[in-house]
Number of protein chains: 2
Amino acid sequence: MGAMSRTRTNRQPSMGDVAAAVGVSKTTISRYLHGEFGYMSEETRERIAAVIDELGYRPNKMAQGLKATVSHMVGVTIADIGNPFSSLLLKGIQQVCRSRDVQLLVSDSNNQVALERTNIESLLDAQVDGLIVNTVGGDDAWLADYCASADHRPMVLLDRIVEPIDCDCVSTDNRAGVAMMLDHLLERGYGAVVFVTGPAEGVSTRTARIEGVESYLRDGRIDGEVLVYEDAATLPSTLPGVLGRYAGRRVCLFANNDETMRDLLETLPESARGVVGLCAFADERWARYSGEGITCLDQNPVAMGRAAATALISRAYDGADGPYEVTRMPARLCVFASTRG
Amino acid sequence: MGAMSRTRTNRQPSMGDVAAAVGVSKTTISRYLHGEFGYMSEETRERIAAVIDELGYRPNKMAQGLKATVSHMVGVTIADIGNPFSSLLLKGIQQVCRSRDVQLLVSDSNNQVALERTNIESLLDAQVDGLIVNTVGGDDAWLADYCASADHRPMVLLDRIVEPIDCDCVSTDNRAGVAMMLDHLLERGYGAVVFVTGPAEGVSTRTARIEGVESYLRDGRIDGEVLVYEDAATLPSTLPGVLGRYAGRRVCLFANNDETMRDLLETLPESARGVVGLCAFADERWARYSGEGITCLDQNPVAMGRAAATALISRAYDGADGPYEVTRMPARLCVFASTRG
DNA sequence: CTGTTAGCGCCTTCAT
DNA sequence: ATGAAGGCGCTAACAG
């Protein structure tokens with residue numbers, strides 16, 4: 001019979017199995033795995049290597065983590081993972097996590113606060129070493145509480161940020177983006193702008209953009225307003241009235257995101273095409289080919305994801321403990337036919 | 001001094017801490033957690049509840065997993081997570097995993113075979129209970145080997161499938177989709193179709209579609225060919241020649257995916273607009289508003305993700321062990337202006 | 001109704 | 001140069 005008992009058939013070989021096969025203790029195997037062969041005989045080393053290879057042994061990260069109190073996993077909650085923007089955030093996060101050999105535990109909050117909370121709790125239960133949270137919004141107090149708790153793990157807020165909160169934040173520079181777009185509209189001779197968005201409801205991104213627009217409007221260089229809609233079905237009835245207010249002037253619709261952009265394309269009567277401008281915070285990949293080509297502010301979600309992961313990793317694994325930072329990444333203005341005027 | 005020693009300050013409370021605080025053994029706490037209060041005194045139960053609440057105790061999944069040999073985590077590798085299609089796969093996977101309380105360990109293979117391999121190995125090291133693999137393609141032998149190994153975890157191949165391989169597979173019914181689209185083109189009076197795609201290179205989806213087109217062409221009801229391109233930059237020089245072959249007949253370009261659709265939109269000279277038709281395997285959300293509206297075959301990635309997760313979970317957790325199945329989900333034809341003819 | 005004991009797979013002093 | 005032993009947080013017989 002083998003030296004190690006196998007309670008279940010076909011288990012993966014454990015360190016004990018390797019040790020037994022080589023005829024040394026688990027300690028030696030452990031040392032081998034950690035490259036501590038300073039004082040190890042050439043021969044044992046080779047024998048261990050051979051056996052590990054034969055048995056196809058791989059150390060159990062779970063067991064390692066239990067002892068080490070680091071799991072090499074970080075948790076990510078995404079407000080709505082079905083959104084292409086989110087997938088690019090993940091791409092960026094992945095890039096840096098892969099380079100540091102940390103795994104990603106990913107959850108989708110499906111735009112529900114309650115889900116986000118339980119997701120975070122589950123991730124914590126799974127012993128993640130840190131959290132990247134693309135919050136659905138509306139749970140600031142709870143998040144702040146968590147960050148204030150004694151045994152909290154480092155956390156980075158991504159895209160949707162919450163201020164003031166005690167953690168690093170990464171977002172688009174929405175105010176600057178809005179200003180850039182409105183500057184562009186002025187230059188193109190627009191006299192009015194209508195910023196269209198879904199309800200803010202604690203979504204910091206929307207709030208920031210709305211404030212950006214309102215503050216710009218207050219300067220008086222361009223006329224306009226903010227239109228908040230709950231349901232796309234209401235747009236056909238509300239939009240004409242709003243646009244009517246700017247009759248005689250060249251007006252441009254400014255959509256908060258891809259989805260709203262599509263809602264507007266759907267709503268805009270044929271007659272309005274070419275008369276009213278259109279622009280949006282949107283992914284260039286689609287904005288470029290949507291309709292006649294829609295002028296957009298392309299965010300850089302991949303870079304945002306990278307920034308968030310970098311910040312998290314430096315706190316979770318490299319002992320960084322400076323003051324928390326808010327990183328605002330610039331958006332890129334891509335001009336297409338929709339604002340030719 | 002407390003009954004339990006705390007090696008590090010501010011650790012999370014462990015089961016031992018709770019037990020000590022209540023004045024019972026860990027076993028009792030464990031039973032409480034698993035709802036085995038059949039024979040537990042009302043009082044102990046309440047005391048435990050109170051202490052757990054006070055201490056904010058949460059069981060360590062990692063430790064549980066070590067013992068139970070199930071981690072309640074499944075691994076997912078995605079060929080290219082930046083792709084919106086992928087994010088919808090994840091959405092579907094999430095939906096069912098959440099309902100079964102299993103966490104997702106997600107990796108991006110960045111379209112590199114080598115990365116996919118190491119990702120799978122890492123996921124396995126993290127003790128996932130199963131794998132959902134959206135393979136980059138070109139590593140069939142290795143995957144088949146893994147599925148054949150003695151201690152392998154259940155695996156489901158998603159979207160990009162590999163046959164014959166010993167595991168469940170979920171994909172779009174590409175042949176049927178192609179046929180549906182070509183039927184539509186015939187009906188609209190097109191005389192020729194050019195299916196445009198990147199190189200197949202072991203990507204089963206592309207192979208299946210190319211074969212679907214070729215087999216349909218062989219029936220002779222419509223003329224046409226398959227155009228494989230490596231680099232979008234070459235299209236402007238190759239495309240006119242290809243289209244020229246069908247001069248006099250109404251011809252439609254058929255793009256393999258969103259990306260190729262955009263490449264074609266970029267390439268198509270203005271003169272060709274309205275003359276040559278365009279359709280694609282693409283997400284309706286964008287196809288609808290791209291250019292004049294592009295007829296597309298919308299796959300159902302969310303449903304595909306759900307199907308894959310369901311299959312995996314039934315094998316990994318519910319002991320299903322029937323023969324492996326290949327699930328082919330139908331695509332949906334969405335007709336827009338680009339094929340009005 | 002509750003506790004004891006013996007691990008899961010690995011790491012880490014401390015010995016030798 | 002290598003081991004033995006104890007423990008990470010939790011579970012699972014087996015005893016009472």
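Since the structure is predicted, the reported quantities are computational estimates derived from the model, not experimental observations. Below, chain A is the first sequence line, B the second, and so on; all start at residue 1.
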task = Fit a plane to each ring of A:H72 and A:Y317, take the angle between them on a 0 to 90° scale, and name the class: parallel (under 30°), tilted (30 to 60°) or perpendicular (over 60°).
result = parallel

For [X], enumerate each residue passing the salt bridge (Lys or Arg N to Asp or Glu O under 4.0 Å) test, keeping only those at least two apart in sequence or located in another chain.
X	result
B:R117	B:D139
A:D321	none
B:D125	A:R58
B:K61	none

task = Determine which bases of DNA chain D form Watson-Crick or G-U wobble pairs with both distances under 3.5 Å, and write the result as a 5' to 3' dot-bracket string with | for other-strand partners.
result = |||||||||||.||||

task = Would you mind telling me which residue lines up with the more 5' stretch of DNA chain C, B:R45 or A:S30, judged by nearest nucleotide?
result = B:R45

query = Toward the 5' end of DNA chain C, which comes first, A:K61 or B:M40, by nearest nucleotide?
reply = B:M40

Nearest-Å distance for atom pair [atom1]/[atom2], residues [X] and [N]:
X	N	atom1	atom2	value
A:I48	D:dA1	CD1	P	14 Å
A:M62	D:dC10	CE	C1'	11 Å
A:L66	C:dC10	CG	C1'	8 Å
A:Y32	C:dC11	OH	P	14 Å
B:Y57	D:dG9	OH	P	10 Å
B:R47	C:dT2	CZ	C1'	13 Å
A:D17	C:dC10	CG	C1'	13 Å
A:H34	C:dC10	NE2	P	10 Å

remark   = Checking C:dT2, D:dT2, C:dC11 against the side chain of A:S41 (C-beta onward), the nearest is D:dT2

inquiry  = Heavy atoms from C-beta onward define the side chain here; which of D:dT11, D:dG9, C:dC11 lies closest to that of B:N60?
reply    = D:dG9

ask   = P atom, C:dT5 versus D:dG7: distance in rounded Å?
value = 14 Å

message = Measuring only the P atom in each nucleotide, how far is D:dG9 from C:dT2? A whole number of Å is fine.
response = 24 Å

inquiry  = Looking at every heavy atom in both B:I165 and B:D140, which two are closest together, and how far apart are they?
reply    = CD1-O, 4.1 Å

ask   = B:Y32: what forms a ring-ring contact (aromatic ring centres under 6.0 Å, His included) with it, not counting sequence neighbours?
value = B:F37

Qualifying residues under side chain to side chain contact (heavy atoms under 4.5 Å, CB included), relative to A:E36, sequence neighbours excluded = A:R31, A:H34

task = I would like to know whether B:R100 and B:D318 meet salt bridge (charged side-chain N to carboxylate O under 4.0 Å, His left out); could you show each step before the answer?
result = CA-CA 11 Å; B:R100 288 294 300 261; B:D318 305 336; 2.9 Å; yes

Dump every N/O contact between nucleotides 3-6 of chain C and the protein below 3.5 Å, one line per pair.
| residue | atom | partner | partner atom | Å |
| --- | --- | --- | --- | --- |
| C:dG3 | OP2 | B:S25 | N | 2.9 |
| C:dG3 | OP2 | B:S25 | OG | 3.4 |
| C:dG3 | OP2 | B:T28 | OG1 | 2.9 |
| C:dG3 | N7 | B:R31 | NH2 | 3.2 |
| C:dG3 | O6 | B:R31 | NH1 | 3.4 |
| C:dT4 | O4 | B:T27 | OG1 | 2.7 |

task = Report the residues that fulfil side-chain hydrogen bond (donor to acceptor under 3.5 Å, both in side chains) with A:Q64, sequence neighbours left out, ordered by chain and then residue number.
result = none

task = Indicate whether OP1 or OP2 belonging to D:dT11 is found under 4.0 Å from a side-chain N or O atom of B:Q64.
result = yes

